[in-house]
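Whatever order the structure lists them in is the order used to number ligands and atoms, beginning at 1.
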Amino acid sequence: MSLDLLEAWEGRPVRDWAESWGIPLLEVHRSLDSTNDRIRRLADSGCEDFTTVVAEVQTEGRGRGGTGWWSPNGGLWASVLVGVESGARAELLPLVAGLALARAVATSCRGEVEARIKWPNDLQVEERKLAGILCERSGAGGIAVGVGVNVDLGGVKPPARLAGVLTTLAEWCAEPPTRRTLLGSFLSSLRTELPLSDRLSRRQLEELERLDALKGRSVECSGGVRGVAERIQSDGSLYLRVDGGYASIRSGSIRLIE
Ligand code: BTN
């Protein structure tokens, strides 16, 4: 496959951004199938941790559960390779990356937007989807952390299935942040959340509790369990109060039922 790599991005040579963020390699593509797929190919050829790939447009962007991810111009579509040590719990990575991304949104929007975390991998503003995170195994011991943030999609009409479901930073900020500001801030926050351990730290749990979009809400899990979401637990599961007891949900997606 021939690559459509940019030499300069957002006003500076791509190499300069990599250097100023302290990452081993940054690739910015005019167009790619999926940044997660590109990271996997780079990981197979032995690239280092924190190698990062950005695409202006993705032609086959992926979401969780095999769904497509609409990736036109104006979003931040990026993947970062993260190494996971043995003994660490890889399932914590979407939550930890979600924390880093929520912080990056707050910082780069100067506090004008507070994105909430919808377990396990969405960022929402007022129940509409601002961003998603897709973590996939890549190379030996690595994981591609793919983040998609709807920054400023320029009023392009989304596909019908997304109408009223997604939101963009441009809807909430007087001046939406540049993608470089958002990405630089995300990389720096992600670094502070790593390395991954087998449990979330007390500080991470407190921050997740503060940003939890589901806390106290009645939900239905993709496995069919219904209950009230109480909290995210240190092993990354979602703790639900259900009829006659409690349930810990380890994976799947969640739908609000009221
Ligand atoms: C989801 O909410 O379902 C996860 C969406 C993740 C989208 C990002 S965009 C960059 C990276 N490349 C992909 O193909 N997907 C992720």
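In this structure, the protein non-hydrogen atom closest to atom 5 (C) of ligand 1 is Trp69 CE3, 3.4 Å. In terms of protein heavy-atom proximity, atom 2 (O) of ligand 1 is nearest to Lys129 NZ, 2.5 Å. Protein heavy atom closest to atom 3 (O) of ligand 1, with residue, atom name and distance, is Arg64 N, 2.7 Å. At the shortest separation from atom 15 (N) of ligand 1 among protein heavy atoms lies Arg62 O, 2.8 Å. Among protein heavy atoms, the minimum distance from atom 10 (C) of ligand 1 is reached at Thr35 OG1, 3.2 Å.
Between Glu112 and Arg110 there is a salt bridge, since at least one side-chain N of the basic residue sits less than 4.0 Å from a carboxylate O of the acidic one. Remark: Glu207 does not engage Arg202 in a salt bridge, criterion side-chain N to carboxylate O under 4.0 Å. A salt bridge is defined here as a Lys NZ or Arg NE, NH1 or NH2 lying under 4.0 Å from an Asp or Glu carboxylate O, and Arg64 with Glu136 fails to meet this definition. Of the charged side-chain nitrogens involved, none lies within less than 4.0 Å of a carboxylate oxygen, so that Asp198 and Arg89 do not count as a salt-bridged pair. With respect to the salt-bridge test (charged N to carboxylate O, under 4.0 angstrom), the residues Arg231 and Glu209 do not qualify. Using a cutoff of 4.0 Å between basic side-chain nitrogens and carboxylate oxygens, Arg15 and Glu19 are not scored as salt-bridged. Electrostatic pairing of Glu127 and Arg217 counts as a salt bridge here, judged by a charged N lying under 4.0 Å from a carboxylate O. Using a 4.0 Å cut-off between charged nitrogen and carboxylate oxygen, Asp122 and Arg116 do not count as a salt-bridge pair.
Residue-ligand proximity, Asn36 to ligand 1, at heavy-atom distances under 4.0 Å covers atoms 11 (C), 12 (N). Of all atoms in ligand 1, listed by their number and element, those nearer than 4.0 Å to a heavy atom of Ile133 are 4 (C). Short contacts between ligand 1 and Gly61, defined as distances under 4.0 Å to a heavy atom of the residue, involve ligand atoms 14 (O). Near Ser79, with a cut-off below 4.0 Å to any heavy atom, the atoms of ligand 1 are 11 (C). Those atoms of ligand 1 with a heavy atom of Ala78 less than 4.0 angstrom away are 10 (C). Of all atoms in ligand 1, numbered sequentially from 1 with element shown, those under 4.0 Å from a heavy atom of Gly63 are 1 (C), 3 (O), 4 (C), 5 (C). The contact set between ligand 1 and Ser34, taken as ligand atoms under 4.0 Å from a residue heavy atom, comprises 12 (N), 13 (C), 14 (O). Ligand 1 places these atoms under 4.0 Å from at least one heavy atom of Asp122: 2 (O).
A donor-acceptor distance shorter than 3.5 angstrom exists from the side chain of Lys118 to the backbone of Ile254, with no hydrogens or angles considered.
Ring pair Trp77/Trp69 is perpendicular by interplanar angle, where above 60° counts as perpendicular and below 30° as parallel.
For ligand 1, none of its N or O atoms has an N or O atom of Trp77 under 3.5 Å away. For ligand 1, the polar-atom distance check finds no N/O of Glu60 at less than 3.5 Å from any of the ligand's N/O atoms. Among the atoms of Gln58, some N or O lies under 3.5 angstrom from an N or O of ligand 1.
For the ligand labelled ligand 1, residue Ser71 lies outside the 4.0 Å heavy-atom shell.
Neither the backbone nor the side chain of Asp37 has a heavy atom within less than 4.0 Å of ligand 1. Only the backbone of Val147 comes within contact range of ligand 1, with a heavy atom under 4.0 Å; no side-chain atom does.
Seen from the ring of Trp17, Arg12 counts as a face-on cation partner, given the 6.0 Å and 45° thresholds.
Arg40 and Arg137 make their closest contact through NE-O, 3.7 Å (heavy atoms, listed as atom of the first residue, atom of the second, distance).
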